[in-house]
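Input: a single structure, listed below in structure tokens.
All values below come from the heavy atoms of this structure, side chains included, with hydrogens, waters and symmetry mates left out. No experiment lies behind these values; they were computed from the predicted model shown.
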Amino acid sequence: MQRKAYATGAALVTVLAVGTVGCTGGSGAGGAAADSKPGTVGTAAVTAPPGTYRDLPEPCDAVDTGLLKAMLPGAGSASPADGAEGGDGTPAAYEGEQTVTYDDDRRVGCRWKSSTGMGSRHLLVDFERVVSYDPAVSDDERAVRLYEDMVLEAGIPGSPPADGESPGSGEKKDEAGADKDGDGGDADETPEGSGEPAESGGDDGDGGSGEPETAVPQPAPSAAAALAPRPLEDLGDAAYIDDELVTADSGVHRDITLVFRTGNVIVTVEYEQWVTDKRRLPDSAELQEKALKLAGRLAGEFQD
């Protein structure tokens, strides 16, 4: 009886020892597997680099007064009653009005306006700092994707149209007003009669000489194509310009939109001219030239 009891006890000790060893080995293997689960065994998780830019400029200080005077004629004397001046004597109209955004660290903007008896001009500058919340995608890569979406939404062609092609939405109405079928986007657009001559409205309706409609075919198609919506070179990392001429009940307005990307920042310049006299069309070449000059200066600020 005693020998049998001893054997039973020895067997029990052996079983417990084996179980203890088994549990210890299982715990060690399980711990190693738990540590390596979040990433690939033997490698560290890859994190994309931060964006090129970590902050944004003060939007209402981004455009110097000299350029504002050129882009917004009459703004300095349009509203004397409004016009408190800054400490340096700058008219209030050139100080701009900052746009409302939900996060000034991510997006800021400023707008300016000038008015005369014949029309008005509006300028908006918007800065957006793109941040990626995917650790595998950098801020700059995310900005590239957002910019490409903007290009597609605006319908910007990959290359300028050929000489014989229609120059696109920016030229749906030619500079002499012969084709006034609008851009199809605004409900208040109304076609005008084809028998009425039109003039360039480079000075908010004060300038430009009328041309009969028979002279419309005279401008070279390449000149019209050069002003059509198109991608731009040598401006930031990528850029495009859009040009729309719209006829509304209150008059005619031309809207220039220029967008460029530099690193993880997307900059938008919107420059518009409204003319109450529908016979005088805002000058596309003049407005684009001024928008391009402003965009070039803004891009240069990021490179400094």
Side-chain angles (χ1 to χ4, degrees), residues 63 67 71-72 99 107 109-113 119-128 130 143-163 165-175 177 179-189 200-202 219 221-248 251-262 265-275 281-299:
V63 187
L67 190 52
M71 299 184 76
L72 304 169
T99 58
R107 189 167 194 167
C110 192
R111 63 178 73 251
W112 297 262
K113 177 182 178 181
S120 61
R121 297 199 187 198
H122 306 256
L123 174 64
L124 169 69
V125 176
D126 180 88
F127 302 90
E128 180 180 4
V130 179
V144 170
R145 297 176 187 178
L146 290 179
Y147 172 82
E148 291 174 347
D149 289 342
M150 297 174 71
V151 171
L152 291 175
E153 184 176 355
I156 303 301
S159 59
D163 289 350
E165 296 178 0
S166 170
S169 62
E171 301 296 334
K172 286 182 180 177
K173 304 175 186 183
D174 58 47
E175 294 300 315
D179 182 11
K180 294 186 171 61
D181 57 357
D183 67 355
D186 292 344
D188 58 353
E189 294 177 22
S200 172
S222 58
L227 297 174
R230 63 197 183 277
L232 300 172
E233 298 180 353
D234 302 324
L235 182 60
D237 296 322
Y240 72 83
I241 191 168
D242 197 5
D243 185 329
E244 291 188 82
L245 182 64
V246 181
T247 302
V252 179
H253 62 96
R254 185 179 290 280
D255 306 335
I256 307 297
T257 302
L258 192 157
V259 179
F260 71 87
R261 181 188 64 81
T262 176
V265 173
I266 296 176
V267 181
T268 301
V269 174
E270 295 180 359
Y271 187 34
E272 305 172 3
Q273 180 182 2
W274 287 72
V275 179
L281 303 183
D283 184 9
S284 179
E286 179 219 349
L287 297 179
Q288 287 195 29
E289 179 183 3
K290 291 180 177 179
L292 285 164
K293 185 175 182 179
L294 170 57
R297 292 192 183 183
L298 296 177

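- Atoms CD and CG, on Gln288 and Asp283 in that order, are 9.5 Å from each other to the nearest 0.5 Å.
- Here the straight-line distance linking atom CZ of Arg261 with atom CD of Glu148 works out to 8.5 Å at 0.5 Å rounding.
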Let me see the working for Glu272 and Ile256 under side chain to side chain contact (heavy atoms under 4.5 Å, CB included), right down to the final yes or no.
-> CA-CA 6 Å; Glu272 305 172 3; Ile256 307 297; over 6 Å; no

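- At least one side-chain heavy atom of Leu258 sits under 4.5 Å from a side-chain heavy atom of Leu292.
- A search for side-chain hydrogen bond (donor to acceptor under 3.5 Å, both in side chains) contacts involving Arg111 returns nothing, not counting sequence neighbours.
- For the atom pair OG (Ser284) and CD (Gln273), the distance works out to 11.0 Å, reported to the nearest 0.5 Å.
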Going through the checks in order, is the side chain to side chain contact (heavy atoms under 4.5 Å, CB included) test met by Lys113 and Leu72?
-> CA-CA 7 Å; Lys113 177 182 178 181; Leu72 304 169; over 6 Å; no

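- Closest of all the heavy-atom pairs between Pro157 and Pro231 is O-CD, 3.2 Å.
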Assess whether salt bridge (charged side-chain N to carboxylate O under 4.0 Å, His left out) is satisfied between Arg121 and Glu286, documenting all intermediate values.
-> CA-CA 13 Å; Arg121 297 199 187 198; Glu286 179 219 349; 3.0 Å; yes

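- When all heavy atoms are compared, the tightest approach of Ala299 to Leu235 is CB-CD1, 3.8 Å.
- For Glu270, the salt bridge (Lys or Arg N to Asp or Glu O under 4.0 Å) test picks out no residue, with sequence neighbours left out.
- A 4.5 Å side-chain heavy-atom check between Leu124 and Thr268 finds every atom pair outside the cut-off.
- Applying the side-chain contact (heavy atoms from CB on, under 4.5 Å) criterion to Arg297, with sequence neighbours excluded, gives Asp64, Leu67, Lys293.
- A heavy-atom distance below 4.5 Å is not found between the side chains of His122 and Tyr271.
- Two residues are said to be in side-chain contact when any heavy atoms from C-beta on lie closer than 4.5 Å; Val125 and Val63 meet this criterion.
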Might you work through the side chain to side chain contact (heavy atoms under 4.5 Å, CB included) test for Asp237 and Val144, ending with a clear yes or no?
-> CA-CA 9 Å; Asp237 296 322; Val144 170; over 6 Å; no

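- Heavy-atom minimum distance, Asp242 versus Pro229: OD1-CG, 3.2 Å.
- In this structure Thr262 satisfies the side-chain hydrogen bond (donor to acceptor under 3.5 Å, both in side chains) test together with Tyr53, sequence neighbours excluded.
- Considering Val265, Leu298, Leu232 in turn, Leu298 is the only one that fulfils the side-chain contact (heavy atoms from CB on, under 4.5 Å) rule with Phe260.
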Evaluation steps, side chain to side chain contact (heavy atoms under 4.5 Å, CB included), between Asp126 and Val267 = CA-CA 6 Å; Asp126 180 88; Val267 181; over 6 Å; no

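- Two residues are said to be in side-chain contact when any heavy atoms from C-beta on lie closer than 4.5 Å; Val252 and Pro282 meet this criterion.
- The line from CE of Met71 to CG of Leu294 is 5.0 Å long, rounded to the nearest 0.5 Å.
- Under the 4.5 Å side-chain criterion, counting only non-hydrogen atoms from C-beta, Val269 is not in contact with Val259.
- For Val151, the side-chain contact (heavy atoms from CB on, under 4.5 Å) partners at least two apart in sequence or on another chain are Tyr147, Ile156, Tyr240.
- The side-chain heavy atoms of Asp255 and His253, taken from C-beta on, include a pair separated by under 4.5 Å.
- Considering only heavy atoms from C-beta on, Glu153 stays 4.5 Å or farther from Asp149 through its side chain.
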